[in-house]
Amino acid sequence: MRIMLACSAGMSTSIVVGKMKEVAKAQGKDYTIWAVDQGEIENELGKFDVLLLGPQVRHILKKVNRIVDGAAPVAVIEPHAYGTCDGAAVLKQAEDLVANNG
């Protein structure tokens, strides 16, 4: 699975990505997980299976949904999981989105 996070170029998102990678590896899952600045979403179209937005950019959700246009599920990361850098919870959110979208 290819999981992309988008934010406002913050350090927190890179920490969340690192935690998600640790959890995925521990679970034996070969996922590609990365983060980009919100302005790069259009350039990444077709490269991700799910897109999670950092809570600090939740205001762009409608715009991002128009850009992605159903090619992949898009959601805002649950704020508590994001704030506590809970890689397991964010990974599960991504997996659930993909499972419920397919």
Side-chain angles (χ1 to χ4, degrees):
M1 183 182 316
R2 301 168 301 167
I3 304 168
M4 187 173 85
L5 280 62
C7 66
S8 186
M11 285 299 296
S12 304
T13 305
S14 58
I15 294 169
V16 172
V17 165
K19 297 288 186 181
M20 292 172 70
K21 287 180 177 181
E22 288 174 17
V23 172
K25 184 177 181 182
Q27 294 177 355
K29 296 172 180 170
D30 185 23
Y31 290 171
T32 301
I33 307 168
W34 74 102
V36 299
D37 178 83
Q38 61 184 351
E40 294 297 312
I41 293 171
E42 210 161 352
N43 297 333
E44 298 290 320
L45 286 176
K47 298 178 184 173
F48 55 86
D49 299 311
V50 59
L51 170 57
L52 296 175
L53 301 176
Q56 71 274 35
V57 294
R58 69 169 39 93
H59 61 278
I60 67 167
L61 181 60
K62 285 183 182 177
K63 174 184 170 189
V64 171
N65 271 316
R66 283 193 302 272
I67 292 168
V68 175
D69 194 28
V74 178
V76 176
I77 299 170
E78 193 281 312
H80 184 266
Y82 184 85
T84 58
C85 295
D86 186 342
V90 180
L91 187 68
K92 182 174 182 345
Q93 182 181 4
E95 291 172 332
D96 289 349
L97 282 164
V98 171
N100 294 331
N101 198 51

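Below, all heavy atoms of this structure are taken into account, side chains as well, without hydrogens, waters or symmetry copies.
More than 12 heavy atoms of other residues, nucleotides or ligands sit less than 6.0 Å from atom CD of Q27. The 12-atom threshold is exceeded at CG of N43, counting heavy atoms of other residues, nucleotides or ligands nearer than 6.0 Å. Crowding of H80 atom NE2: a count of heavy atoms from other residues, nucleotides or ligands under 6.0 Å not exceeding 12.
By the criterion of side-chain heavy atoms lying less than 4.5 angstrom apart, applied directly or through intervening Ile, Leu, Val, Met, Phe, Trp or Tyr residues, L61 is grouped together with L45 in one hydrophobic cluster. Linking Ile, Leu, Val, Met, Phe, Trp and Tyr whenever their side-chain heavy atoms come within less than 4.5 Å puts V74 and I60 in one cluster.
The structure places CD of Q38 at 9.5 Å from CD1 of I67, a figure rounded to the nearest 0.5 Å. Within the model, atoms CE of M4 and CD of E40 stand 9.0 Å from one another, a figure rounded to the nearest 0.5 Å. Between C7 atom SG and L52 atom CG the span is 12.0 Å, to the nearest 0.5 Å. D49 contributes atom CG, which lies 11.0 Å from atom CG of L51 (distance to the nearest 0.5 angstrom).
The two residues Q56 and S8 have their closest heavy-atom pair at NE2-N, 4.0 Å. The shortest non-hydrogen separation linking A6 to V57 is O-CG2, 3.8 Å. When all heavy atoms of M1 and V50 are compared, the pair lying nearest together is SD-CG1, 4.3 Å. When every heavy atom of Y82 is checked against every heavy atom of G54, the shortest pair comes out as CE1-CA, 4.2 Å. Closest of all the heavy-atom pairs between K47 and W34 is O-CH2, 3.2 Å.
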Between I41 and L53, is a side chain to side chain contact (heavy atoms under 4.5 Å, CB included) present by the stated rule, with each step listed?
-> CA-CA 10 Å; I41 293 171; L53 301 176; 4.1 Å; yes
Would you list the atom pairs, donor with acceptor, under 3.5 Å between side chains in residues 85-98 and any protein atom, with sequence neighbours excluded?
from	atom 1	to	atom 2	distance (Å)
D86	OD1	A88	N	3.3
D86	OD1	A89	N	3.0
K92	NZ	D96	OD1	3.3
K92	NZ	D96	OD2	2.7
Q93	OE1	E78	N	3.2
Q93	NE2	V76	O	2.9
E95	OE2	K29	NZ	2.8
E95	OE2	Y31	OH	2.8

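A heavy-atom distance below 4.5 Å is found between the side chains of M20 and L5. Residues F48 and V68 have side chains in contact (heavy-atom distance under 4.5 Å, counting atoms from C-beta outward).
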